[in-house]
**Student:** 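Next up is a structure, given as structure tokens.
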Amino acid sequence: MMRHTTCPSPVALTREHSIGASAATEEHLNHCEACTEQWAKFDQLLDLGRDLPMHSPTANKTETIRAAVLNSFTQSSSSSGSFHKWRWVIGAIAASIIAIIGVFYFQWTPRSNTIEVNDRSTFKATVHSHPAATLFRAGSQPDEIVRLTGGTITVSVKPLEKGERFRVVTGDAEVEVRGTIFDVVVEDDSLLEVSVISGRVDVRPAKGASVTLGPGERWGKPSQQTPPTADPEVADNPAPEASAEMLDAVSPLTAKTRREMTQSTRRQRGGDAYEQIDRSDTETDSLTDDKADEDEAPHPKEPSPQVLHPSETAFRDGWSALKDNAYADSIEAFTEAINTPGAGKIAEDASFWRCVAYARLGRHQKALHALQRFVGTYPNSPRAGEASVMLGWKLLEAGDLDSAEKHFRKATLDKNRRIRISAEQGLSDITSKRRLQ
Amino acid sequence: MMRHKIAYLHRNNTDAAAPDAALITACGNGDATALGALFDRHHQAVYRFLSRMSGADGPDLDDLVQTTFIEVGRSASRFAGRSSVKSWILGIGANVARHHIRSEVRRKRTVKALEAVQYHGGETPEATYGRQQQVEQLTEALEGLSHKLRVVFVMCDLEGISGVEAASTLGIKPGTLWRRLHDARKKLAQEIKRRRG
């Protein structure tokens, strides 16, 4: 049988691995340790790739998206379908008209070119793009998003109904409004300035405090920037004042903990900016409200510097250490967070992650006891199900089937599907073990 | 020792190629039913592909899938039949993902991956953690790849699309695709090794 006398090039080996080894390559692999090792590494990498998270939509969500796609398609078809045969003629005429308008526009309109984004009924914002602004639509109602990577836009948003949102998202912040006219300035995908003409706007930079602006108010990017950290997680972790939703996306803390922390920090500071945030949580904006706000003639505000509770500082240290696989340090920091007076809900989250750190460190007894303490102390924690399933597996490992079953059963009620599946598997294992006994 | 290409996940269904082509033609002529059928047939593959390409989930992923199929409807008349319809749709999805809000998705995913502690029967929690960590490392390494390397890795190695077809979909020569696939694998392996320290 013919075989490669010399090793195939790395690219050729990749190709062979992808399409299947030829007879010659098969033969070569049987005699070449280096290529066999490389081949095995490819297998390992692809095997790992099979475990990458995959997301599937729910049936309801699929129907919603399907309907939106078909609706969009029908609209575009109906506007162009009957003119299908004439599209080139119509296109040429349209191009001529656009060219003529363009000439007039650029000759007679000195500035403030306008791009209407609300070309569909599902958009409630009109976005006036200033020269050189770069933007695109990243979502429609009920969660309308304009992605702005550079330049200035002026946005006018019709009053939103309950459940509807409008946001301008940049690389490092988001601006959310309710029935408002405002300017957003972005440079190099970084938010520089927000000026509110009417209504209210929430500005939520990824780093630093969020703030609610009223009519006439302006937010500017602080001139002193925090030096970037080596840890992307720490760098991305926003201040406690950021919106609950944004923090939900980035923080290891539970949403409940963050809400409590935010309220606690506001009480401690009592600053105007936080007063505004409190009002914006409860008020519904309208043009009447805007008028009243204008009469107050508020002053421009800048976000306040971030001050963390010692328990949160310790928690963040623990989190960073956990991510760096420094489990002993992580345990120490989480313990400090738990024992800090006034830690409140931080202690709950720190207790959970300390369990994880013990498990990863290989201190099984400690992990088991810590988990038992956690599920006993915080039975209503959002992480109770996760802790229960962890505890179930630990107890199963230790041979305590009855206790393991109890915790698996509790975890089967968790809202997280993965935890439920794991718990069901644990129960199945217990049944098998009992049969063997 | 036999070393055949591992059949990863969902391979192209060649039996469905002809109906797909007919559907895309009908779709190009404004037939919404055909687009609906294409959606029903391929939306799960598009979900899977986009979640791996962009790291998105939840509403972000829904938006990307919706945008992809809207673009499929708009571009159907330009389908030239050089690749399968599924590959062509995934090619559109790749372009949509390219423009996605990467930083926001990365922020969300980083913590979610750490929070997603999974346990499987037959494995100890520690072993699961180890596996989970490796998957996290691959996920992060994948996000660190350039778009052109990531798309060939996801298409060929994760979606099981043939190299020739992927090259056609992406508008590159097969040789270029193999080189990119090699570079992608090499960089992923290096990055995972670096993260393991």
Side-chain angles (χ1 to χ4, degrees), chain A residues 10-11 14-15 18-21 26 29-30 39 41-42 45-46 48-57 61-62 65-66 68-70 72-74 76-77 81 136 138-139 143 147 169 171 232-233 236 249-252 323 356 359-360 362 386 389-390 393-394 397 418 422 425-426 428-429, chain B residues 1-6 8-9 30 32 35-36 39 43-44 47-48 51-52 57 59 61-63 65-66 69-70 73-74 99 101 103-104 107-108 110-111 113-121 124-126 129 131 134-135 138-139 142 156-158 162-163 178-179 181-182 185-186 188-189:
Chain A
V11 173
T14 301
R15 186 178 68 85
S18 187
I19 64 176
E26 282 276 357
L29 287 169
N30 287 335
W39 192 276
K41 283 181 180 172
F42 287 155
L45 183 65
L46 268 62
L48 201 56
R50 286 192 298 172
D51 278 0
L52 283 171
M54 290 189 292
H55 304 281
S56 300
K61 195 67 194 174
T62 303
I65 295 170
R66 190 181 192 278
V69 168
L70 296 185
S72 169
F73 184 71
T74 307
S76 59
S77 294
F136 63 90
D143 190 2
R147 180 75 169 90
V169 177
E233 174 55 32
D236 287 344
V250 299
S251 172
K323 278 190 70 236
V356 174
R360 290 190 186 181
E386 199 171 350
V389 83
M390 287 167 70
W393 284 111
K394 282 283 177 198
E397 202 178 43
R418 286 176 176 171
S422 180
Q425 185 63 57
S428 170
D429 280 15
Chain B
M1 178 167 44
M2 294 296 291
R3 295 178 184 83
H4 295 296
K5 181 180 181 188
I6 299 169
Y8 280 102
L9 302 173
L35 181 60
F39 180 90
H43 75 271
Q44 286 187 330
Y47 256 92
R48 190 175 59 241
S51 69
R52 287 167 162 176
D57 60 4
L61 185 56
D62 294 339
D63 286 347
V65 172
Q66 184 173 322
F69 276 100
I70 288 173
R74 285 179 186 154
H99 296 292
I101 313 163
S103 58
E104 187 178 20
R107 273 202 304 273
K108 287 180 179 175
T110 303
V111 167
L114 274 163
E115 288 183 339
V117 182
Q118 297 179 57
Y119 293 91
H120 306 286
T124 64
E126 287 69 34
Y129 271 128
R131 180 73 175 177
Q134 289 176 359
V135 173
L138 177 61
T139 308
L142 193 58
C156 296
D157 281 354
L158 301 185
S162 77
W178 296 125
R179 199 188 67 247
L181 184 60
H182 168 70
R185 288 181 177 184
K186 188 177 169 186
L188 287 172

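So that the names make sense, note that chain A is the first sequence line, chain B the second, and so on, each numbered from 1.
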**Student:** Of all heavy-atom pairs between Leu48(A) and Leu138(B), which one has the smallest distance, and what is that distance?
**Tutor:**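 The answer is C-CD2, 3.8 Å.
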**Student:** With a 4.5 angstrom heavy-atom cut-off, is it the side chain or the backbone of Ser428(A) that approaches chain B, or both, or neither?
**Tutor:** neither
**Student:** Do Leu181(B) and Arg15(A) come within less than 4.5 Å of each other through their side chains, counting heavy atoms only?
**Tutor:** no
**Student:** Work out which heavy atom in Pro10(A) is nearest to a heavy atom in His182(B); give both atom names and the distance.
**Tutor:** CB-CE1, 3.2 Å
**Student:** What option among Val65(B), Leu142(B), Leu188(B), Leu35(B) has the most heavy-atom pairs under 4.5 Å with chain A?
**Tutor:**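 Answer, by heavy-atom pair count under 4.5 Å with chain A: Leu35(B).
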**Student:** Heavy atoms only: give me the nearest Gln66(B)-Val69(A) pair and the separation to one decimal.
**Tutor:**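 Here Gln66(B) and Val69(A) meet closest at O-CG2, 3.8 Å.
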**Student:** As an exercise, state the distance from OG1 of Thr14(A) to NZ of Lys186(B), rounded to the nearest 0.5 Å.
**Tutor:** 10.0 Å
**Student:** Given heavy-atom pairs under 4.5 angstrom as the criterion, report whether the side chain, backbone, both or neither of Phe69(B) touches chain A.
**Tutor:** both
**Student:** Quick one: pull up CD1 in Ile65(A) and NE2 in His43(B) and give me the separation to the nearest 0.5 Å.
**Tutor:** 8.0 Å
**Student:** Search all heavy atoms of Ser18(A) against all heavy atoms of Asp157(B) and return the closest pair with its distance.
**Tutor:**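 Shortest heavy-atom separation between Ser18(A) and Asp157(B) comes out as OG-OD1, 4.4 Å.
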**Student:** Compare every heavy atom of Ile19(A) with every heavy atom of Trp178(B), then report the nearest pair and how far apart it is.
**Tutor:** CH2-CG2, 3.6 Å
